[in-house]
Engineer: 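I'd like to ask you about the structure that follows.
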Amino acid sequence: MISSGSAGLLQRRENMEASEMLRLYREMMLVRRLEEAAASLYQEGKIGGFLHLYIGQEAVGSGVVSARRPEDRVITAYRDHGIAIAAGMPARVVLAELLGKATGCSKGMGGSMHLADVSFNFWGGHAIVGAHLPLAVGMALADRYRERQAVTICFFGEGATNIGYFHEALNLAALWKLPVLWVCENNKYGMGTSVERASAVEEIRQKAEAYGIPGARVNGMDVLEVRGAAEQALEHVRREGPFLLEAITYRYRGHSMGDPERYRRSDEVRKWQEEDPIGILRKRILEEKASREAALERLETEVDEEIGEAVRFAEESPEPAPEALFEHVYAEKGA
Amino acid sequence: MISSGSAGLLQRRENMEASEMLRLYREMMLVRRLEEAAASLYQEGKIGGFLHLYIGQEAVGSGVVSARRPEDRVITAYRDHGIAIAAGMPARVVLAELLGKATGCSKGMGGSMHLADVSFNFWGGHAIVGAHLPLAVGMALADRYRERQAVTICFFGEGATNIGYFHEALNLAALWKLPVLWVCENNKYGMGTSVERASAVEEIRQKAEAYGIPGARVNGMDVLEVRGAAEQALEHVRREGPFLLEAITYRYRGHSMGDPERYRRSDEVRKWQEEDPIGILRKRILEEKASREAALERLETEVDEEIGEAVRFAEESPEPAPEALFEHVYAEKGA
Amino acid sequence: MAVITMREAISQALWEEMERDDRVFILGEEVGVWGGTYAVTKGFFDHFGPKRVRDTPIAEGVIVGAANGAAMAGLRPVAELMTINFAFLAMDQIVNHSAKLHSMFGGQFTVPLVIRAVGGGGRQLGATHSQTPDAVFAHFPGLKVIAPGTPQDAKGLLKSAIRSDDPVLFIEHATLYQMRGEVPDGEITEPIGVSKVQRLGRDVTIVTYSKMLQTSLQASAELANEGIEAEVVDLRTLRPLDMGPVVESFKRTNRAVIVEEGWPSFGIGAEVASRLYEQAFDYVDAPIRRVAQKEAPLPYNRTLEQMALPQVSDVVRAVKEVL
Amino acid sequence: MAVITMREAISQALWEEMERDDRVFILGEEVGVWGGTYAVTKGFFDHFGPKRVRDTPIAEGVIVGAANGAAMAGLRPVAELMTINFAFLAMDQIVNHSAKLHSMFGGQFTVPLVIRAVGGGGRQLGATHSQTPDAVFAHFPGLKVIAPGTPQDAKGLLKSAIRSDDPVLFIEHATLYQMRGEVPDGEITEPIGVSKVQRLGRDVTIVTYSKMLQTSLQASAELANEGIEAEVVDLRTLRPLDMGPVVESFKRTNRAVIVEEGWPSFGIGAEVASRLYEQAFDYVDAPIRRVAQKEAPLPYNRTLEQMALPQVSDVVRAVKEVL
Ligand SMILES: Cc1ncc(C[n+]2csc(CCOP(=O)(O)OP(=O)(O)O)c2C)c(N)n1
Ligand SMILES: Cc1ncc(C[n+]2csc(CCOP(=O)(O)OP(=O)(O)O)c2C)c(N)n1
Ligand SMILES: [Mg+2]
Ligand SMILES: [Mg+2]
């Protein structure tokens, strides 16, 4: 099993087929463009509420989720667009949800923070920090209860590791040896509070030791490293129980739209932009000759077209009917 | 400072004056007899609600609290009689509170689970598991805010270390380097659930590492060992910040009155009774010739008389007046 | 028809539903080896085993949270909260998750869990362990809240709650477990969201539920000796609230007293009274009275505690005031 | 008399009280470096420093819990909860501790803390971030609950709250921060637990508070065009609830509409209506109406969200119904 040491102990994944590298590239590019489109739709006032962009963190979601089996569940917090796409959701239903349309994955009831599509085994999109960690424990318990071999992959930010839920959920998962892969997206900040101003220990992995849960840190900007670590971590979870994977990453945009960003200097952001997960993968693909410049550009135009079509779909989709307000308050009618 | 190792690293305290040993012996004996008296008052129906006895754990409360300075605050959970006595509260006001009398420390409003006497810097007595840990953080913060040198000593059971409050409180105390001495009374069970059935790790000390808080384990049945460890731990807290002291102890009685005790075998209890903290100290006193058999017996009769008087006082004390119901709902009148 | 205690009724409902549907399992503090703090699940651990009767750490947030997750994944968890006072440690899971997950995601999945919580005062457990905050939970759409007052309703409603596809908070009263009552043999269920007349009378309508049903019935017996016949309507479910039988009765008696154990402000009585005035304004002959707990944290001292809790005599007095 | 925004008013109150009393300090998420999620504490960190303006981890339980402890120890913490929806994660500290510690220990110490929480819907934040559960907190004796609707009240009441020896939950409405209003220059305080007539009128009494005060005043203006003069009474404090001005007004108008943003069941309107009937039964000429949020978790979709929230037109309609 993976010793609970640092990234070094996880072998970087070297042997990936070209096709899979290209699929990941396309997916991450799709997420990037989706987020950019969302940002402008927000500026146009077509998206309301909070909008948390995944730009900069694409390698974590794509790297981890691409390692799962279809029966493995995925759940995350409100920064969920990239995970939704990685889980297989079409950009159009994501954008339709962002616009609050009836064609959105949550029928316009949930919005940006509450994407989910059970048919892709993606369980949301949850807006209360840390509150979905217990949900993940329950889902893993259900799978174990039914002797299903599925793993529940639960993403959360480093800021969420200071709330009581983290403690209660990791303790119970470890105590009951439940198949949960805990994935901490350590992007250094919880809103404007840097990890060292919120957490007594800066290595989130270290917190897992309090539950005897092994963990590892990986470079969350390198999708292949994340993918390799996730494959090994998932194996561990299937064999022995919970594992905590800490991915060091960075969000290039504000916490949500309208963040004054007083808490960080722009050159810090610039430094991290040199580590752009999409740039890194592009370079690797060309180095390893997995594809050629021209082919990648074709792929990029394809992505642009897909997003353009998705935006059109979302904009042209109908609003939910007024009755929708009461339609799902209860599952049982007459309640 | 105390390395976060196990008990071994804490020097057993050898050089205690005879008088202090005797004082501790008398105090622990007083707690024992107080609890026995409470048990029979409960049987007689004179005490209502929940009654959690401290019998078997006397060395922890007396060992730790005897090491504090007057300005150091003490706070604990509902199993609070022994801590209240160690904090200096007279047996009579404790028993009066148990009987719900106006002369009780909380005027009969709080009962067994809510003993407190601010004049002894004892802040309760709290019935929601884990909820007083954040209170301790706040008190330590207040002392630090006012540049007082005081430490807040917070007792809690091992069962309380699985609730979110433990995580949030220890993280914040460590992050802000607050003067809190965390004392875990590990008596192996939270109600009927043994530590290994509730906690992913059996050494509570280990949980402190997730916050970079040093800790130590001590034999909670040996008051001198506890006292020595507490002195060193308090020094550490004054100098550097929070410390977690885990005292391995055992409760001889049920969780509270009327516990069927299906969860443990009686020979387990008997085994621990051979480790009786009062017996151990008595033996030591006689070995070290700190006192003679006869003197100890005189002291024991004294204690019996004190408890007898305290019971009389409590029984003869008046009930609170009906107006007391509304007297302290708000501190500001007319509210 | 057997006469059994409330404890037995609740225990039977759990047992039968677990036998009937293997998706049903129990989790909570001391539900297993201990047999339940109030002995409701005594014998369950030995019969159903550790897989279906799960002792948890003291961690209400993850108890309800894991139950929510397991329900989303298709199981039917019955989470036990040792007392409803500890539900405040799981409040976010109950009101922000159990009550909202189904609608917030457009009905993609259901959250069929039952949260059993023991409530009520009168046992000198002090201010933090004696509350009756039922109205607080009933305030949230998406949740169903049940609080039975008889063994038959406890059994029938708990079975319905476990079979319901919606999240249900099932509130049991700590001082009713020993209460005996007739329960039909074999399979019984009671409908959620249906109030029930528990005593017929022509002079006044007493609206109540849970422990206060018993208090109200005793008061009615005393009043009967003086020739006053009270009709007692038991709400049984607080959300959805069924005013039908209440209004129907009130239209005959034109007078009502609402009896609840909790605090009056923003409580059950306020809602029932408001709806009565809204739905039967022309039938009101006298101001509707509320009997409730005194507005103070409940003290430990027995005399003060009893003084603060609604007594039979308070109900009798209130009824005479509306006549 | 200066015209300032609600945000400025609240900010001034905090600033002045911190200057006045060095026991007062602020703790919460993003209150410092960020300057407050709603920019209420902008500039505080630079002026008062990290000792008195404390950014915390995301951990509501210990935010309120530490504030309780610091208050017990003699400080006057102002804990900020980014939204009242997160208060459910601190519910046990608020209702089992803030509200009870003083009385449960026989009055040995006080718990003078203020919990500032931002509430309300209307910004498409979805079901878990848009609630108005004010009644839930007002249900608990021991706690004081304030929810101002004008800059002057916000400033005066927050200053009184900070000076109060009792625990206070101070609820701000997310959509009111930009609202402007006249505030007397210099030192002002407003009394806690005193309702206030915000508009005079002879035809009907509208009882409301917080954001709905503005909605009700707009409705009153529309009604005035049709010759209907509504008197608007602002509760300002939900516990203790001051019915004086409400009853006084109602005895003149004999008609009332209660307007609240939250859900009606077990809400503010139910309590106010019940007390009106209890205290002014002989003055009731028409059923008292409640205007409130639709009984459903608030959806993200803008149209549905606005449909669910009480609008000016709903108030106008309700008033016409009671006339
Ligand atoms: C219980 C709770 N408290 C506060 C918030 C407000 N909030 C939303 S996101 C966030 C920061 C979370 O940071 P992190 O967990 O690191 O995730 P990231 O945003 O960096 O992805 C906060 C404080 C919330 N949604 N829930
Ligand atoms: C939040 C909460 N959950 C449950 C309880 C019920 N309860 C009271 S004591 C206790 C066991 C606590 O065990 P531990 O912390 O080890 O303390 P000990 O009783 O052994 O001294 C439980 C579950 C409670 N009081 N508060
Ligand atoms: Mg982060
Ligand atoms: Mg214990």
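Every chain is numbered from 1, with letters handed out A, B, ... down the list of sequences. Side chains are part of it too, since the values below use all heavy atoms of this structure and drop only hydrogens, waters and symmetry mates.
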Engineer: Could you state the interatomic distance from OG (C/Ser103) to CZ (A/Phe326), rounded to the nearest 0.5 Å?
Structural biologist: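 Rounded to the nearest 0.5 Å, the OG-CZ separation comes out at 11.5 Å.
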
Engineer: Could you have a look at C/Ala70, C/Ala59, C/Gly142 and say which one has the most heavy-atom pairs with chain A under 4.5 angstrom?
Structural biologist: C/Gly142

Engineer: Nearest 0.5 Å please: distance from the CD atom of A/Glu332 over to the NE2 atom of C/His102.
Structural biologist: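 That separation rounds to 9.5 Å.
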
Engineer: Is a side-chain donor or acceptor of A/Tyr330 paired with a backbone partner of C/Leu143 at a separation under 3.5 angstrom?
Structural biologist: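 Yes; judged by distance alone, with no hydrogens or angles, the pair exists.
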
Engineer: Within the 3.5 Å criterion, strictly below it, is a donor on C/Arg52 or A/Tyr145 matched to an acceptor on the partner's side chain?
Structural biologist: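 Result is yes, a qualifying pair exists.
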
Engineer: Taking all atoms of both residues into account, what is the closest heavy-atom pair of C/Pro57 and A/Asn171, and its distance?
Structural biologist: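 Minimum heavy-atom separation between C/Pro57 and A/Asn171: CG-ND2, 3.8 Å.
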
Engineer: Among A/Gly124, A/Gly110, A/Ala116, single out the residue with the greatest number of heavy-atom pairs under 4.5 Å to chain C.
Structural biologist: A/Ala116

Engineer: Can you say whether the rings of A/Trp123 and C/Phe109 are parallel (under 30°), tilted (30 to 60°) or perpendicular (over 60°)?
Structural biologist: tilted

Engineer: How would you list, in number order, the residues of residues 71-92 of chain A that have a heavy atom less than 4.5 Å from chain C?
Structural biologist: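 Result: A/Arg73.
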
Engineer: Measure the spacing between CG of C/Leu27 and CG of A/Leu172 and express it to the nearest 0.5 Å.
Structural biologist: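 If we round to the nearest 0.5 Å, C/Leu27:CG and A/Leu172:CG are 8.5 Å apart.
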
Engineer: Can you tell which of A/Ala324, A/Ala169, A/Ala131, A/Ala127 has the highest number of heavy-atom pairs within less than 4.5 Å of chain C?
Structural biologist: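 Ranked by contacts with chain C, first place is A/Ala131.
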
Engineer: Between atom CE of C/Met72 and atom NE2 of A/His132, what is the distance when rounded to the nearest 0.5 Å?
Structural biologist: 11.0 Å

Engineer: Give the intermediate values and the outcome of side-chain contact (heavy atoms from CB on, under 4.5 Å) for residues A/Ser106 and C/Met104.
Structural biologist: CA-CA 7 Å; A/Ser106 300; C/Met104 194 165 58; over 6 Å; no

Engineer: Does A/Gln149 CD have over 12 foreign heavy atoms under 6.0 Å away?
Structural biologist: no

Engineer: Closest approach of A/Trp176 and C/Thr56, non-hydrogen atoms and distance?
Structural biologist: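 Reported closest heavy-atom pair: CH2-CG2, 3.9 Å.
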
Engineer: Give me the atom names and distance for the closest heavy-atom approach of C/Ala66 to A/Val137.
Structural biologist: CB-CG1, 4.1 Å

Engineer: Roughly how far, to the nearest 0.5 Å, is the CD1 atom of A/Ile128 from the NE2 atom of C/His97?
Structural biologist: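 Going from the NE2 atom of C/His97 to the CD1 atom of A/Ile128 covers 5.5 Å.
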
Engineer: Can you give me the closest heavy-atom contact between A/Ala142 and C/Ala73, atom names plus distance?
Structural biologist: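 In this case the closest contact between A/Ala142 and C/Ala73 is CB-CB, 3.5 Å.
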
Engineer: Heavy-atom distance under 4.5 Å between the side chains of C/Gln93 and A/Leu135, does that happen here?
Structural biologist: yes

Engineer: Relative to chain A, which segment of C/Asp165 carries a heavy atom at a distance below 4.5 Å: side chain, backbone, both, or neither?
Structural biologist: both

Engineer: Can you name the nearest heavy-atom pair linking C/Thr110 to A/Ala331, along with the distance?
Structural biologist: CG2-CB, 3.8 Å

Engineer: Under a 4.5 Å cutoff for heavy-atom pairs, which residue among C/Ile63, C/Leu101, C/Val62 has the most contacts with chain A?
Structural biologist: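 Of the candidates given, the most pairs with chain A belong to C/Val62.
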
Engineer: After noting the C-alpha distance and the side-chain angles of A/Arg146 and C/Arg23, does the key distance pass the side-chain contact (heavy atoms from CB on, under 4.5 Å) rule?
Structural biologist: CA-CA 9 Å; A/Arg146 293 175 150 166; C/Arg23 296 169 305 171; 3.9 Å; yes

Engineer: Which of these, A/His126, A/His328, A/Lys107, sits in a side chain to side chain contact (heavy atoms under 4.5 Å, CB included) with C/Phe105?
Structural biologist: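 Answer to the side chain to side chain contact (heavy atoms under 4.5 Å, CB included) test with C/Phe105 among A/His126, A/His328, A/Lys107: A/His126.
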
